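Written below as structure tokens is the structure these notes are about.
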Amino acid sequence: MNWLLRHSIYLFRTNKKEEKITALLTEKEDDLAVEIPVSLVYNGISHAVMMCSPKNLEDFALGFSLTEGIIDKPSDIYGIDVIEACNGVEVQIELSSRKFMTLKEHRRNLTGRTGCGICGTEQLNQVYKHFPKLEQTFQFDINRLDSCLTTLQIHQQLAQQTGATHACAFFDLQGNMLAIREDVGRHVALDKLLGWYAKTDKPQGFILASSRASYEMVQKTIACGIEMLVTISAATDLAVKMANEHNLTLIGFAREGRGNVYCGKVRLKF
């Protein structure tokens, strides 16, 4: 399934001359990011419907299952099939019997709008999950962050074509980008990246995201044992609180030559 769609639009520009505004209207073709409903189906039972870009959906299913606590490790999933259905996609996930029994006991149905991760949550205590504190296993030379920011921008293929998507990338401690995932929703982009991460040998490194750092972005990062999250935009107060409690290094407003270190500066070399 394509994740780009060509569409005719009208482009207008306004010019102000001698206190008069003249609108110049021209017709052109534009690229739109495809957004579809994706249903995550566990052992035949629909669990969640999220609005996503139709790419890397196997990674999304694995990452979502891990960060939602549905599974503990990739081997808890026996198989993933992506099937086009109606106006969207079904991702059929075969869970181990043990994990499926647990899921049925705690199952909740949710329908997520773009980038929304808690729509349909039935109880407030389902929102805030508790994880062990992260260990400190590395230090990162902050002078390497500038090249990482440049690399992220260069490799945001879908964003360059549409201007409508977020990206999450994983960098090693030398500043090499090992993977990038894009989506119309920042949480989905992160789940896709974390699905990739779970299938690798879990190298040391950090996540760089084109979005803000919401509490859920922080929570998902902590859930997968990654020690550092860097975002282009700001962090929320709950995101900073969670990062502090779980010993996560959190950086926001990352720009060339600067950034805000909210917590975890012990992992940074200046």
Side-chain angles (χ1 to χ4, degrees), residues 62-74 117-118 121 124-146 148-149 152 166-181 186-187 189-255 258-270:
L62 178 54
F64 179 90
S65 300
L66 284 165
T67 60
E68 287 293 304
I70 295 169
I71 63 174
D72 299 321
K73 53 188 182 301
I118 62 170
T121 300
L124 290 176
N125 62 10
Q126 289 181 301
V127 174
Y128 197 104
K129 299 179 177 69
H130 295 276
F131 300 97
K133 284 191 174 184
L134 296 168
E135 296 181 3
Q136 181 197 337
T137 64
F138 66 79
Q139 276 197 314
F140 174 68
D141 185 350
I142 200 66
N143 295 298
R144 290 177 171 158
L145 185 57
D146 282 357
C148 298
L149 291 165
L152 177 69
H166 285 294
C168 292
F170 191 88
F171 289 84
D172 66 18
L173 299 182
Q174 287 69 49
N176 302 306
M177 190 180 75
L178 304 186
I180 185 171
R181 295 292 184 268
R186 65 185 185 275
H187 300 134
L190 181 55
D191 275 333
K192 288 179 176 180
L193 183 69
L194 294 174
W196 163 84
Y197 180 78
K199 295 187 296 186
T200 67
D201 56 357
K202 297 185 177 181
Q204 282 190 324
F206 66 95
I207 292 171
L208 177 56
S210 65
S211 66
R212 65 186 173 93
S214 63
Y215 91 92
E216 193 172 18
M217 298 288 284
V218 167
Q219 185 168 264
K220 288 176 180 292
T221 302
I222 294 168
C224 290
I226 297 171
E227 299 178 37
M228 190 164 86
L229 172 64
V230 182
T231 62
I232 301 300
S233 297
T236 66
D237 67 325
L238 185 54
V240 174
K241 179 183 177 182
M242 292 183 66
N244 265 315
E245 290 179 356
H246 294 87
N247 196 31
L248 175 76
T249 297
L250 180 61
I251 300 173
F253 286 118
R255 301 288 190 276
R258 63 185 178 90
N260 292 356
V261 181
Y262 294 105
C263 50
K265 64 180 177 63
V266 68
R267 290 192 184 88
L268 304 176
K269 291 189 292 186
F270 296 92

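In this text, all values refer to a predicted model and were calculated from it rather than measured experimentally. Heavy-atom basis, side chains included; hydrogens, waters and symmetry copies ignored.
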Student check: side-chain heavy atoms of D172 and P203 closer than 4.5 Å: no
Heavy-atom pair with the smallest gap, counting every atom of Q136 and N247: N-ND2, 4.4 Å
CD-CG distance between Q204 and L173, expressed to the nearest 0.5 angstrom: 5.5 Å
Side-chain heavy-atom pair I251, I142 within 4.5 angstrom cut-off: yes
H166 side, atom NE2; S233 side, atom OG - distance, nearest 0.5 Å: 8.0 Å
Closest non-hydrogen atom pair, V261 against K265: CG1-CB, 3.9 Å
N/O donor-acceptor pair under 3.5 Å between T249 side chain and G264 backbone: yes
Side chain to side chain contact (heavy atoms under 4.5 Å, CB included) against T231, all qualifying residues, sequence neighbours excluded: A209, A213, L229
Min side-chain heavy-atom separation F170-R181 under 4.5 Å: no
Non-hydrogen side-chain atoms of N244 and Y262 separated by less than 4.5 Å: no
Note, S214 side chain near H187 side chain (heavy atom, < 4.5 Å): yes
Shortest non-hydrogen contact between L62 and K199, atoms and distance: CD2-CG, 3.4 Å
Salt bridge (Lys or Arg N to Asp or Glu O under 4.0 Å) pairs, two or more places apart, involving residues 219-238: D191-K220, E216-K220, E227-R267
Min side-chain heavy-atom separation R255-I232 under 4.5 Å: yes
Closest heavy-atom pair and its distance - N260, F253: ND2-CD1, 3.3 Å
Spatial distance of atom CG (L194) from atom CD1 (I226) [nearest 0.5 Å]: 5.0 Å
Residue pair T236 / R212: nearest heavy atoms and the distance that separates them: CG2-NH1, 3.4 Å
Distance in Å, T221 OG1 paired with M228 CE, rounded so as to fall on 0.5 Å steps: 11.0 Å
Nearest heavy atoms of L193 and A169, plus distance in Å: CD2-C, 3.6 Å
Residues, nucleotides or ligands: over 12 heavy atoms within 6.0 Å of K133 NZ: no
Chi angles and distances behind the side-chain contact (heavy atoms from CB on, under 4.5 Å) call for F131, Q219: CA-CA 9 Å; F131 300 97; Q219 185 168 264; 3.7 Å; yes
Ring pair (Phe, Tyr, Trp, His ring centres under 6.0 Å) partners of F171, counting only residues at least two apart: F206
Residue pair C263 / L248, side-chain heavy-atom distance below 4.5 Å: no
More than 12 heavy atoms of other groups within 6.0 Å of Q174 CD: yes
Value rounded to 0.5 Å, distance of NZ in K241 from CG in L250: 15.0 Å
Contact check, side chains of V240 and V218, non-hydrogen atoms, under 4.5 Å: no
C168 side, atom SG; I207 side, atom CD1 - distance, nearest 0.5 Å: 6.5 Å
